[in-house]
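This structure is a prediction, so every number in the text was calculated from the model and none was measured.
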Amino acid sequence: MQAVMELKDVSKTYVQGGQQIKALDHVTLTVERGEFLAVVGRSGSGKSTLMNMLGCLDTPTQGSYVFAGEEVAGLSDRRLAEIRNRKIGFVFQGFNLIGGLSALENVELPLAYRGVPRGERRAMALEALELVGLGGRVEHRPGQMSGGQQQRVAIARAIAARPPVILADEPTGNLDLQAGQAVMDILQGLNRQGRTLVLITHDREVARLAGRRVCIRGGRISSGDAP
């Protein structure tokens with residue numbers, strides 16, 4: 001197996017109210033290509049900071065992060081944006097859809113920012129929406145959809161450009177049991193197709209679907225389940 005994400009002795013410190021807060025504390029973690037990893041932690045454990053680090057949305061205060069062979073700390077803002085846009089698909093608890101746009105237009109939008117020609121990006125968006133089971137809802141706006149359908153649009157948006165890595169932060173957190181299971185079925189299917197999947201969650205039942213689990217407590221990583 002080949003590592004796609006490697007955190008080595010990474011710490012992240014923020015200054016808040018004149019005090020230093022260590023959100024990550026000497027974290028070492030490797031994610032192999034094609035792996036399905038769940039990071040389990042309670043609110044305030046550091047799991048969202050970890051996702052920001054893995055997604056090249058933040059850089060370490062201390063330590064090293066290597067993404068697909070590149071040391072993140074030495075990269076320009078332009079290169080970091082390119083990695084996020086081309087190599088990583090983000091799925092969040094809040095769907096972050098634009099209410100005035102259709103499902104198809106929401107999925108197309110990141111492709112438009114990349115400069116993908118209109119016909120090509122429409123084909124890519126339609127393919128992604130079909131994959132998540134929304135081929136018949138492409139013209140519906142978020143307000144015309146259930147929470148589960150909106151999350152599936154968000155997944156389609158994340159995968160339309162066919163990124164090799166998917167980072168999902170509490171993707172079932174706002175959904176009922178049935179809709180959450182449907183979302184996890186889609187994410188598992190994407191992993192079986194070869195995409196690397198990192199799932200951030202507080203839900204141990206969801207985490208058990210992963211091939212490997214680690215727990216984060218107080219900004220530190222350990223193997224196994226959360227208490």
Side-chain angles (χ1 to χ4, degrees), residues 1-33 35-96 110 154 158 163-174 187 196-204 206-207 210-227:
M1 296 287 284
Q2 182 181 4
V4 66
M5 291 176 274
E6 295 179 275
L7 294 166
K8 298 178 181 178
D9 199 32
V10 164
S11 295
K12 183 65 182 183
T13 303
Y14 297 100
V15 177
Q16 194 173 71
Q19 293 186 326
Q20 288 194 338
I21 308 296
K22 184 167 279 189
L24 295 179
D25 189 5
H26 298 284
V27 169
T28 294
L29 178 68
T30 298
V31 182
E32 304 289 348
R33 193 174 303 278
E35 186 174 13
F36 180 3
L37 172 70
V39 179
V40 190
R42 294 171 174 168
S43 178
S45 63
K47 61 184 188 295
S48 291
T49 302
L50 178 62
M51 177 167 177
N52 288 342
M53 199 70 62
L54 293 173
C56 298
L57 294 165
D58 206 347
T59 54
T61 304
Q62 172 189 330
S64 168
Y65 177 39
V66 177
F67 180 90
E70 294 185 82
E71 172 59 65
V72 169
L75 300 179
S76 66
D77 289 344
R78 181 175 179 177
R79 178 57 183 154
L80 288 171
E82 186 177 63
I83 288 173
R84 290 192 298 266
N85 194 260
R86 295 178 180 272
K87 296 189 176 181
I88 304 172
F90 294 92
V91 181
F92 299 100
Q93 179 176 353
F95 316 129
N96 298 334
V165 174
I166 298 171
L167 299 182
D169 189 1
E170 300 282 7
T172 64
N174 286 335
L187 291 174
T196 304
L197 175 59
V198 178
L199 173 72
I200 310 290
T201 184
H202 70 279
D203 188 329
R204 285 177 289 172
V206 170
R212 178 166 67 105
R213 296 177 297 277
V214 297
C215 177
I216 184 165
R217 301 183 185 92
R220 291 176 175 262
I221 288 283
S222 61
S223 299
D225 292 318

Exercise. Using side chain to side chain contact (heavy atoms under 4.5 Å, CB included) as the criterion, point out the one residue from Leu50, Ile221, Asp58, Thr61 that pairs with Leu24.
Key: Leu50
Exercise. To the nearest 0.5 Å, tell me how far Asp169 CG sits from Gln93 CD.
Key: 7.5 Å
Exercise. Check whether any side-chain heavy atom of Pro164 lies under 4.5 Å from a side-chain heavy atom of Val4, and answer yes or no.
Key: no
Quiz item: Can you tell me how far the OH atom of Tyr14 sits from the CD1 atom of Ile21, to the nearest 0.5 Å?
Solution: 11.5 Å
Quiz item: For the residue pair Val10 and Ser64, what are the closest heavy atoms and their distance?
Solution: CG2-O, 3.2 Å
Quiz item: Would a 4.5 Å heavy-atom cut-off, applied to side chains only, mark Ser43 and His202 as touching?
Solution: no
Self-check item: Heavy-atom pair with the smallest gap, counting every atom of Met5 and Val198
Solution: CE-CG2, 3.6 Å
Quiz prompt | Rounded distance [0.5 Å steps], CD in Glu82 versus CG in Asp77 | solution = 13.0 Å
Quiz item: So which heavy atom on Arg84 is nearest to which on Leu57, and how close?
Solution: CD-CD2, 3.4 Å
Exercise. Taking all non-hydrogen atoms of both residues into account, name the closest pair between Leu54 and Leu167 and its distance.
Key: C-CD1, 3.8 Å
Quiz item: How many angstroms lie between atom CD1 of Ile88 and atom CE of Met51, to the nearest 0.5 angstrom?
Solution: 9.0 Å
Practice problem: For Glu35 and Glu32, work out which heavy atoms get closest and say how close. | Solution: OE1-N, 2.9 Å
Exercise. Kindly indicate, with the supporting measurements, whether the criterion side-chain contact (heavy atoms from CB on, under 4.5 Å) is fulfilled by Phe67 and Val165.
Key: CA-CA 10 Å; Phe67 180 90; Val165 174; 4.1 Å; yes
Quiz item: Would a distance-only check, ignoring hydrogens and angles, find a side-chain to backbone donor-acceptor pair under 3.5 Å from Lys8 to Gly63?
Solution: no
Self-check item: Lys47 versus Arg42, closest heavy-atom pair with distance
Solution: NZ-O, 3.2 Å
